[in-house]
Amino acid sequence: MSLIKLRNIGIAAHIDAGKTTVTERMLYFTGTTRKLGEVHNGEATMDFMKQEQERGITIASAAITCHWKEHTVNIIDTPGHVDFTVEVERSLRIIDGMVAVFCAVAGVQPQSETVWNQADRYKVPRIAFINKMDRTGANFEEAVESLQTMLDANPVPIFLPIGAEENFKGIIDIIQMQAYTFDGNEMIEIDLPADYIEKVKRARYFLTEKLADFNDKIMELFLDEKEVPAELLKTATRDACLKMLITPVLCGSAYKNKGIQVLLNSVVDYLPSPADIGAIIGLDLEDAEKALNRIPSLQEPFSALAFKIINDPFVGQQTFIRTYSGQLSSGMQVYNSTKRANERIGRIYRIHAKERVEINSAGPGEIVALIGLKNTKTGDTLCDLQKPLLLESIFIPPAVIDLKVSTPNKNEDKKLGESLRKISNEDPSFKVRYNDETNETIISGMGELHLEIIIDRLKTEFNVDASVGAPSIAYQETITKPMEANFRFVKQTGGKGQFAHTVIRIEPNLGKGFEFTDIIKGGAIPAEFIPSVKKGIEATLERGILGGFPIVDVKVVLLDGSFHAVDSSDMAFRTCASICFKDAFNKANPILLEPLMKIEINTPDDYIGAVTGDFNRRRGRIESMRRYRKGSQKLNGFVSLQEMFGYATALRNLSSGRANYSMEFHQYTPLSEELQQKVLKEVAEKKKEAK
């Protein structure tokens, strides 16, 4: 496979902008599928999970390979719902280019803004497709303007629509000055409509003016007022898109099969190949300050990133990887540099949504699934045994909602544990913990829908007889000041005793998670017991101290200690470190943290007073208000997640069903003293009931 003829692209947008429909049409027009799969009747190729078909939404990112104009295109269709944002995150980490889909009626919506920011984080070049041009209220110019005002995307239309709403008839290629209409699945060339000639000239002038800023040849022709050849415009558009200087904008109606062929052409023409992206940069395992490059070539040492895990009932665990350099073959030994463990490659598959084709090897730039890996998880680097490196991992946002899960008997308990382990392997944004004091299994996720899907999977896919409590907030615990503690653990039980002694200092570590540093001198604690100290503290972090919530953002420094040649053991140091940490934690002014959410509310002008009044009563803070569409306002602000349970119903009642909102996690923030006492009191009462 030629690298320059390979495209790894993601399709991403807000929920309901039409991502999956766009993908289905791309698969149909490339001949990958023979019939059109529709989201609304549960037949979409890419939405093959039962839960996706029932709800008409994408939950898990799906990968599929298709071919267009002698190019191989790997497409990843991603979810639009904010609860599954980690699926978008890990897809963007491994793709080379993105098609951002926007609704012609709504323009930029909250989740499309989130996706855009995620793509910025990974520096992914992108093109924009304004979809649903046939819908009532479609407005191409307003949608393009929203790309500029809300995303600072520097959008440059390279296609214009002919008509809009029910009068949407076709599209015009600004570079080639060519118009097209559509008859069924056929795209037909037509002359430029007379009433569009001036509009097209203005759009071409705008494109030329933009490209002149980045291309000297075009600048020269532009200043001399000479015609710029179409091929030069096309080359300059590609170059500016790859450097993320502009966002080329297309339009169409995926549902009506209009504009899909030109979208496929644009993927090939303007989005990068692995060769365009160039070398991937990793870190030397021996020296974290030293960077290592891997060029996308078969001659380079092998390197790849695992970005997704799926448990398949027929073949077991499938590990999806993106290869960056070298060649991977069946039976080969590779090194997981994240886990510092060897892995043997079993079967290699190229994936077509739920279908798979076995292949013998995979080269640079390919996206494949591996069967039989034992230690590899999402975000792990796989590389050459002799020339290892560590690639940048994947950002995983924190869970914000808890749910208590219980089963009627021990057999179901065992099934529950195994099922939750498989799901948490697949989904790094999903967490599981067991509360010893209340004897409850607690699962945590990104939102109510996220956990609802997981409970549904437990019951239908894993056949677990599970009952659930009401959703609650996933609070966290942390400290606000440094503190030292000194603890000596001594236990005599008639035979061999237990002895350990630790002196630690704990410090706030805002936003940096847990850090452990050992500055022991002179062998006060033998080297083999240092990991035991760390493990004892980590176990306590998971269980929590104030109210059984996970402890975050704490730096622990092991200062000193002592040991006994006979009585000291791994378990003694684990226990000692745990008690020592608890002592320091309780004196370090511990607090609870709650999730603060970023919210966007769209409401007609008639209800603005009622909506803002209700929002303020929920401890919400409005940051900005701006015109959304004629007669509508867009409110942006922040609010505690605690206040937002049942908000969808409340907003519907306040606005006669006409307002809507979207919410995503922003950051954890300290809970007020009054609310903290209330939460801890509820926790204490539950512990009493459990006893």
Got a donor-acceptor contact below 3.5 angstrom from the [X] side chain to the [Y] backbone?
X: Asn215; Y: Ala212; result: no
X: Ser325; Y: Phe302; result: no
X: Ser329; Y: Met332; result: no
X: Thr381; Y: Leu391; result: yes
X: Thr323; Y: Glu366; result: yes
X: Asp384; Y: Ser303; result: no
X: Arg7; Y: Val268; result: yes

No-hydrogen, no-angle side-chain donor-acceptor test under 3.5 Å, Glu343 and Thr376:
yes
For Asn154 and Lys210, test the side chains for any donor-to-acceptor distance below 3.5 angstrom and give the result as yes or no.
yes
Do [X] and [Y] have side chains that get closer than 4.5 Å, going by heavy atoms?
X: Thr247; Y: Cys241; answer: no
X: Leu151; Y: Glu113; answer: yes
X: Pro229; Y: Leu221; answer: yes
X: Tyr255; Y: Lys132; answer: no
X: Ile9; Y: Ile76; answer: no
X: Cys251; Y: Phe129; answer: no
X: Asn265; Y: Trp68; answer: yes
X: Lys387; Y: Arg294; answer: yes

Nearest heavy-atom neighbours spanning [X] and [Y]:
X: Asn185; Y: Gln261; answer: O-NE2, 3.1 Å
X: Pro388; Y: Leu285; answer: CB-CD1, 3.7 Å
X: Asn131; Y: Ala17; answer: ND2-O, 3.1 Å
X: Pro398; Y: Met446; answer: O-SD, 3.5 Å
X: Leu250; Y: Leu263; answer: CD2-CA, 3.9 Å
X: Phe102; Y: Ala128; answer: CE1-CB, 3.9 Å

Does atom [atom1] of [X] have more than 12 heavy-atom neighbours from other groups under 6.0 Å away?
X: Asn117; atom1: CG; answer: yes
X: Glu515; atom1: CD; answer: yes
X: Glu70; atom1: CD; answer: no
X: Lys217; atom1: NZ; answer: no
X: Glu358; atom1: CD; answer: yes
X: Glu145; atom1: CD; answer: no
X: Ile295; atom1: CD1; answer: no

Arg322 vs Ile95, test: side chain to side chain contact (heavy atoms under 4.5 Å, CB included). Steps then yes/no.
CA-CA 8 Å; Arg322 156 72 195 262; Ile95 59 177; 5.9 Å; no
Once rounded to the nearest 0.5 Å, what's the spacing between atom [atom1] of [X] and atom [atom2] of [Y]?
X: Asn74; Y: Arg350; atom1: CG; atom2: CZ; answer: 7.5 Å
X: Met219; Y: Leu211; atom1: CE; atom2: CG; answer: 10.5 Å
X: Leu292; Y: Cys383; atom1: CG; atom2: SG; answer: 10.0 Å
X: Ile260; Y: Ser253; atom1: CD1; atom2: OG; answer: 8.0 Å
X: Phe159; Y: Gln178; atom1: CZ; atom2: CD; answer: 10.0 Å
X: Asp456; Y: Leu451; atom1: CG; atom2: CG; answer: 12.5 Å

Using salt bridge (charged side-chain N to carboxylate O under 4.0 Å, His left out), reason through Asp269 and Arg238 one step at a time and then give a plain yes or no.
CA-CA 7 Å; Asp269 291 341; Arg238 180 173 208 272; over 6 Å; no
Is the terminal nitrogen or CZ of Arg126 (NZ for Lys, CZ for Arg) located under 6.0 angstrom from the six-membered ring centre of Trp116 and within 45° of that ring's axis?
yes
Taking it one step at a time, do Leu370 and Tyr349 satisfy side chain to side chain contact (heavy atoms under 4.5 Å, CB included)?
CA-CA 6 Å; Leu370 307 180; Tyr349 285 110; over 6 Å; no
Does the pair Leu328 and Val334 meet the rule for a side chain to side chain contact (heavy atoms under 4.5 Å, CB included), with working shown?
CA-CA 9 Å; Leu328 183 71; Val334 297; 3.9 Å; yes
Determine, step by step, whether Gln317 and Asn425 satisfy the side chain to side chain contact (heavy atoms under 4.5 Å, CB included) criterion, reporting the C-alpha distance in whole Å, the side-chain angles of both residues, the deciding distance to 0.1 Å, and the verdict.
CA-CA 10 Å; Gln317 182 174 294; Asn425 273 347; 4.2 Å; yes
